[in-house]
Amino acid sequence: MQNSEPVWDYVDEHSADLIGLADRVWGMPETLYAEYRSCAEHTAMLREKGFAVTEEVAGIPTAVMGEAGEGGPVIAILGEYDALPGLSQEANIAEPKPIEANGPGHGCGHNLLGSAALLAACALKDWLAATGTPGRVRYYGCPAEEGGAAKAFMVRDGAFDDVDAAITWHPAAMTGVAKAQSLANTRMDFEFTGRSSHAAAAPHLGRSALDAAELMNVGVQYLREHVPQESRIHYAYLNAGGTAPNVVQGKAKTRYAIRSTTLSGMFDLNARVEKIARGAAMMTETSVDISIMSAVSNMLGNKPLDEAMQKAFEALGGIAFDEADRKFAAEIQKTLTPADIAASYRSVGLEPREGEPLCDYVLPLELEGEKMMGSTDVADVSWAVPTVQAHAATHAIGTPGHSWQIVAQGKAPAAHKAMTYVSKVMAATGRMLMEDETLMARVKKAHAENLAREPYVCPIPADVKPPLQPRPAAAAE
Ligand SMILES: Nc1ccc(C(=O)N[C@@H](CCC(=O)O)C(=O)O)cc1
């Protein structure tokens, strides 16, 4: 049973347009600061819906902001539209089939994320206008969540300085308020420089940068025993020096992701990994250049905001999937292992169940699941302003993140239902914040208490700029 809520009709009025946007963005997957076409689509939609548009937020060409309303509190709704490399996949089939070999794909559902956020902003805009309520709603189109920390750069640039609270969501297997838990994460690059030489004729004259990179990795393997349990350290080779074994490699480059449950813990860990890199350079008589590519904080929670959003979820009830939705989700589940399916339940604190392809209920707020060990740049917004995040079931229970199965389900009717649904949850939460001054006061008090415990230090050094990508020729005017 759905109780009535003044903003929901406005969501329904705009939902067809925004579902169209989600499907178009699905079809033009763009990664890490190259989201020129997706951002242009979001910008055009903001204009069509009558928002005042600010382009290139924080100097990032693929970030956009739209505002509507006057006076009152400022509520930010955060959207994303970046895709992932290597996950190209056709829609609405339950077998792996890339559209373009090794091409990008929406493997984290950000085509839905951005569109549903913009839909919620449209509904709040109409409601503000219809009721004459003082208040402003902003849609922030944020690029490069996957590794680019765009929101952290936007926070650093002051993009949220006059915002009172932020609302967002993420596509998921289960529906409910997202627990405020994520790891702070620094992406640090290590470029070793040695001296190349003939590996057989004059090895004694060479100094191997590849050896240095490998010794650093070995050093970090030993470090793992002596770090707090919930740390994560992983790496990729950006340059292994070349393909010729008869060359002493003069250059090698790795990228590390260094993660911890707290900001201060991450800063400690960063310093320890840096020491190992310098040790490896010393051992091999090479030099190392260390730079931070991007970094995000851990997520801060806000109990009064979580409780307000839970009310919106409960007023709305679960997502009304139909038999066709369940049938396709069941087909997808056949491509998953029992462990995949059990993991979805355990992550939210439920015992695994059989014969349930889609989540059509709302999780209770008290349910304690497993800690989320990933990272997100929403966390930096959560330090800047009180922030709440919803999860809505856009895909079959058990679907792993960053998989072809997410892409395949990314413009299915079930995903569209979840998108409209979660827009209603976000719009209702925003409406409560705009109307209820005592709620806003409690939300702000909880936020101030969080910051009093540990102040925010931007995890990105002052001299590091976002790794922007040039505008592709095809997208130029
Ligand atoms: N609700 C979610 C938010 C983020 C992610 C995620 O996979 N994030 C990436 C990138 C995170 C980052 O910005 O450091 C990661 O953890 O590696 C997954 C679910």
Side-chain angles (χ1 to χ4, degrees), residues 31-33 60 78-87 105-114 116-117 142-156 166-189 230-236 255-261 263 266 269-270 292-301 343-344 347-348 363 369-383 387-395 399-403 405-407 410 418 422 426 458-460 464 466-467:
T31 62
L32 202 73
Y33 290 113
I60 300 171
L78 313 177
E80 298 167 11
Y81 32 69
D82 59 318
L84 285 156
L87 284 177
H106 271 288
C108 209
H110 295 179
N111 61 308
L112 300 164
L113 203 173
C142 310
E145 187 277 331
E146 300 290 352
K151 293 184 202 71
F153 286 106
M154 290 160 77
V155 167
R156 190 179 73 177
I167 302 170
T168 189
W169 78 291
H170 201 284
M174 298 292 188
T175 298
V177 178
K179 289 279 156 15
Q181 212 272 320
S182 71
L183 298 178
N185 184 9
T186 301
R187 269 163 291 261
M188 205 183 278
D189 291 352
E230 286 163 342
S231 313
R232 292 281 189 274
I233 314 176
H234 27 259
Y235 66 91
R255 172 165 297 159
Y256 266 72
I258 306 166
R259 312 199 198 206
S260 168
T261 51
L263 268 179
M266 179 181 74
L269 219 47
N270 286 353
I292 287 176
M293 178 227 182
S294 66
V296 300
S297 302
N298 59 309
M299 189 84 184
L300 282 190
S344 270
S347 71
V348 296
L363 297 172
E370 286 166 352
K371 285 190 174 165
M372 134 75 158
M373 297 305 280
S375 308
T376 168
D377 61 2
V378 173
D380 290 85
V381 180
S382 80
W383 285 82
T387 301
V388 65
Q389 200 174 358
H391 276 161
T394 52
H395 47 250
T399 308
H402 297 190
S403 63
Q405 288 95 335
I406 298 243
V407 190
V422 79
M426 291 190 285
C458 178
I460 308 167
V464 173

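First listed ligand is number 1; within each ligand, the first listed atom is number 1. Side chains included, hydrogens not; waters and symmetry mates left out as well; all remaining heavy atoms used.
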- Query: Quick one: do the N298 and S182 side chains pair a donor with an acceptor below 3.5 Å?
  - Reply: no

- Are S375 and R259 close enough that a side-chain donor and a side-chain acceptor fall under 3.5 Å? yes

- Between Y256 and Y235, what is the ring plane arrangement, given parallel below 30°, perpendicular above 60°, and tilted in between? parallel

Can you tell me which residue and heavy atom of the protein come closest to [atom], and the distance to 0.1 Å?
atom: atom 6 (C) of ligand 1; result: S375 O, 3.6 Å
atom: atom 15 (C) of ligand 1; result: R259 NH1, 3.5 Å
atom: atom 13 (O) of ligand 1; result: E145 O, 3.2 Å
atom: atom 19 (C) of ligand 1; result: M372 CE, 4.0 Å

Considering only heavy atoms of [X], which atoms of ligand 1 have at least one such atom less than 4.0 Å away?
X: N185; value: 12 (C), 14 (O)
X: V296; value: 13 (O), 14 (O)
X: G374; value: 16 (O)

- Task: Compare every heavy atom of M293 with every heavy atom of F153, then report the nearest pair and how far apart it is.
- Result: CZ-O, 4.1 Å

- Task: Check the pair E80, K151 against salt bridge (Lys or Arg N to Asp or Glu O under 4.0 Å), reporting the backbone distance first and the verdict last.
- Result: CA-CA 10 Å; E80 298 167 11; K151 293 184 202 71; 2.6 Å; yes

- Could you tell me whether some N/O pair between R187 and ligand 1 is separated by less than 3.5 angstrom? yes

